[in-house]
Amino acid sequence: MLKPKPLLSPYVFGQSIFNWLPLPAEVGQAVELPIPPVEGFNEALVFVSATCSGAAQGPHYYAIFTKALDGGPVAHHHLFLAGGNVDGGSTINSDNIWVRIPDKGLPRVVYVQKMAGEPLPASENFKSGIAFLSFR
């Protein structure tokens, strides 16, 4: 009997999408997701996900952005919510977000900064991550 071949690969840009960069644990901390060296594209699609099993008390907000052209305040960011008011339950939240690829001369990085919530490190009860999916 023939074994069916999967149509989608779990690898993007040579890396497993299951090896995501985890979200930062404490308010003010940030992680950097380097943008792969692609040419001719203006935006990158990132996938962000968080799964909580009773570990996240209250909301945890994360800002997702690239640096501003003038190096000043970030003019635009996406806000992602993890957790919520769960008491012994679980939550799952995920989103696909298009971010602008920075102009030449700026760091080719997507930043994820924790904006609110108690410390929430990666654990068996809190799994999170962000990874690239596509470009346009």
Side-chain angles (χ1 to χ4, degrees):
M1 181 172 198
L2 290 176
K3 185 177 177 182
K5 292 184 180 181
L7 297 176
L8 292 175
S9 171
Y11 295 90
V12 179
F13 311 114
Q15 290 188 325
S16 170
I17 60 171
F18 303 111
N19 293 328
W20 299 341
L21 183 64
L23 300 179
E26 297 193 25
V27 171
Q29 288 182 338
V31 294
E32 299 179 0
L33 180 65
I35 298 172
V38 294
E39 295 290 330
F41 297 102
N42 296 325
E43 294 180 303
L45 180 64
V46 294
F47 176 70
V48 60
S49 176
T51 303
C52 307
S53 298
Q57 297 302 314
H60 297 264
Y61 291 101
Y62 301 86
I64 301 167
F65 58 93
T66 56
K67 282 214 173 167
L69 181 60
D70 60 5
V74 175
H76 178 78
H77 68 273
H78 299 274
L79 202 55
F80 178 77
L81 170 68
N85 293 322
V86 218
D87 188 14
S90 62
T91 64
I92 298 173
N93 190 15
S94 64
D95 203 356
N96 293 311
I97 300 168
W98 286 103
V99 293
R100 181 166 168 68
I101 295 175
D103 296 321
K104 289 187 182 202
L106 289 174
R108 290 178 57 93
V109 171
V110 173
Y111 298 92
V112 182
Q113 182 177 349
K114 185 160 184 182
M115 304 303 288
E118 296 297 318
L120 186 60
S123 70
E124 193 61 32
N125 293 322
F126 180 64
K127 297 175 184 169
S128 68
I130 186 165
F132 286 107
L133 293 182
S134 186
F135 297 96
R136 67 178 178 189

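Just so you know, these numbers come straight off a predicted model, no measurement behind them.
Judged by distance alone, with hydrogens and angles left aside, the side-chain atoms of H77 form no donor-acceptor pair with the main-chain N or O of V112 at under 3.5 Å.
Judged as a side-chain contact (heavy atoms from CB on, under 4.5 Å), and not counting sequence neighbours, the contacts of I92 are T51. Every residue two or more places apart in sequence or in another chain that forms a salt bridge (charged side-chain N to carboxylate O under 4.0 Å, His left out) with E124 is listed here: K127. Take F41 and apply the side-chain contact (heavy atoms from CB on, under 4.5 Å) test, not counting sequence neighbours, and it matches V38, I101, F135. Taking F65 as the reference, Y111 meet the ring-ring contact (aromatic ring centres under 6.0 Å, His included) condition, with sequence neighbours excluded. Residues that satisfy the side-chain hydrogen bond (donor to acceptor under 3.5 Å, both in side chains) test with R100, not counting sequence neighbours, are D103. By the side-chain hydrogen bond (donor to acceptor under 3.5 Å, both in side chains) test, E43 pairs with R136, sequence neighbours left out.
The distance from the OG atom of S128 to the CG atom of L120 is 7.5 Å, given to the nearest 0.5 Å. Separating the CG atom in N96 from the CG atom in L133 is a distance of 5.5 Å, to the nearest 0.5 Å. We find the CG-OH distance between D95 and Y62 to be 14.5 Å, quoted to the nearest 0.5 Å. Between atom OG of residue S90 and atom CZ of residue F126 there is a gap of 13.0 Å, rounded to the nearest 0.5 Å. Rounded to the nearest 0.5 angstrom, T91 OG1 and H60 NE2 are separated by 9.0 Å. For the atom pair CG (N125) and SG (C52), the distance works out to 9.0 Å, reported to the nearest 0.5 Å.
Scanning all heavy atoms of the two residues, the minimum distance from P102 to P107 falls at CG-O, 3.3 Å.
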Output, in order, the C-alpha distance, side-chain angles, deciding distance and verdict of side-chain contact (heavy atoms from CB on, under 4.5 Å) for V110 and I64.
-> CA-CA 7 Å; V110 173; I64 301 167; 3.8 Å; yes
When the side chains of residues 22-37 are checked against the rest of the protein, which donor-acceptor pairs come out under 3.5 Å, sequence neighbours left out?
| residue | atom | partner | partner atom | Å |
| --- | --- | --- | --- | --- |
| Q29 | OE1 | A25 | N | 3.3 |
| Q29 | OE1 | E26 | N | 3.0 |

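In the hydrophobic clustering (ILVMFWY side chains linked at under 4.5 Å, chained through shared members), Y61 is joined by L79, L81, M115.
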